[in-house]
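Given the structure is predicted, the values throughout are model-derived calculations rather than measurements. We're numbering straight along the sequence, starting at 1.
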Amino acid sequence: MAISYMTEDGYKKLKEDINTLETVDRPAISKQIAEARDKGDLSENAEYDAAKEAQGLLEARIAQMKNLLANARLINEDAIGTDVVQILNKVTIRNTKNNQQMTYTIVAESEANLKENKMAVSTPIAQGLMGKKVGDVAEIKVPSGVMSFEIMNISL
């Protein structure tokens, strides 16, 4: 698996999520399997089949998250500057067509969440903004065509 970059907060959250899955969700599913097993014939027991499937999905998710954690590299937030757009910067951009302003924090893929205005570094818009300075206009190719964004501010 490829190396994934994340902040210290993202790393801690991932560890907490794994811990919750292992200490809360795993025992709950084991209990469901035991209850379904106690009901008798397993060959025609839909509850048992559903619980076993849920267990398989949970174990796969735990394994995937542990693999992500094992390949994580923490980003040194002290080394991040604001002269050009880079990962962990909060960037205010203005759409040159409709003058709408938006502010996004550029983060690693594992921490992206548009509800919190956190954009993954691998998205076309983030890629188009990388390395640009305040005042630069970025012409970014997106699935719907080409969009122009003026960089208004770069901060931490």
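- Residues satisfying the side chain to side chain donor-acceptor pair (under 3.5 Å) criterion with T20, sequence neighbours excluded, are absent altogether.
- A heavy-atom distance below 4.5 Å is not found between the side chains of V142 and V146.
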Given the rule in the side-chain contact (heavy atoms from CB on, under 4.5 Å) test, do M147 and N95 qualify, once you have shown the distances and angles that lead to the verdict? CA-CA 8 Å; M147 298 182 77; N95 186 325; 3.5 Å; yes
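- Here the side chains of L58 and L21 are in contact, with some heavy-atom distance below 4.5 Å.
- Neither V84 nor I151 shares a network with the other; the hydrophobic side chains, linked directly or stepwise wherever heavy atoms of I, L, V, M, F, W or Y lie under 4.5 Å apart, form separate groups for each.
- Residue pairs that meet the salt bridge (charged side-chain N to carboxylate O under 4.0 Å, His left out) test with at least one member in residues 84-110, sequence neighbours left out, are R94-E150.
- The environment of CZ in R61 is sparse: at most 12 heavy-atom neighbours from other residues, nucleotides or ligands sit within 6.0 Å.
- What you find for V24 and P27 is that their closest heavy atoms are O-CD, 3.4 Å.
- Residue pairs meeting the salt bridge (charged side-chain N to carboxylate O under 4.0 Å, His left out) criterion with at least one member in residues 24-36, sequence neighbours excluded, are R26-E59.
- Under the rule for a side chain to side chain contact (heavy atoms under 4.5 Å, CB included), the partners of A138 that lie at least two apart in sequence or sit in another chain are L129, K132, I140.
- Using a 4.5 Å cut-off on side-chain heavy atoms (C-beta onward), M102 and T92 make no contact.
- For T96 against S148, the heavy-atom pair with the smallest separation is OG1-CB, 2.9 Å.
- Distance check, rounded to the nearest 0.5 Å: CD of Q55 to OH of Y48 gives 8.5 Å.
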Go through F149 and I125 one step at a time and tell me if the side-chain contact (heavy atoms from CB on, under 4.5 Å) criterion holds. CA-CA 9 Å; F149 295 106; I125 292 175; 4.3 Å; yes
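- Annotation for M152 and I93: closest pair CG-C, 4.2 Å, computed over non-hydrogen atoms.
- Each salt bridge (charged side-chain N to carboxylate O under 4.0 Å, His left out) pair with one or both residues in residues 110-128, not counting sequence neighbours, appears once here: E116-K118.
- Counting heavy atoms from C-beta outward, M119 and V107 have side chains that stay 4.5 Å or more apart.
- Judged as a salt bridge (charged side-chain N to carboxylate O under 4.0 Å, His left out), the pairs with a partner in residues 3-21 (not counting sequence neighbours) are, in order, E8-K12, K13-D17.
- Taking 4.5 Å as the limit, every side-chain heavy atom of N71 sits out of range of all side-chain heavy atoms of L68.
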Does the side-chain contact (heavy atoms from CB on, under 4.5 Å) test come out yes or no for Q32 and R37, once each step is laid out? CA-CA 8 Å; Q32 289 174 358; R37 190 181 303 130; over 6 Å; no
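- Contact of the N117 side chain with the Y104 side chain is registered, since non-hydrogen atoms from C-beta on lie closer than 4.5 Å.
- Between N89 and I106, every side-chain heavy-atom pair lies at or beyond the 4.5 Å cut-off.
- Between I33 and I29, the closest side-chain pair of non-hydrogen atoms falls below 4.5 Å.
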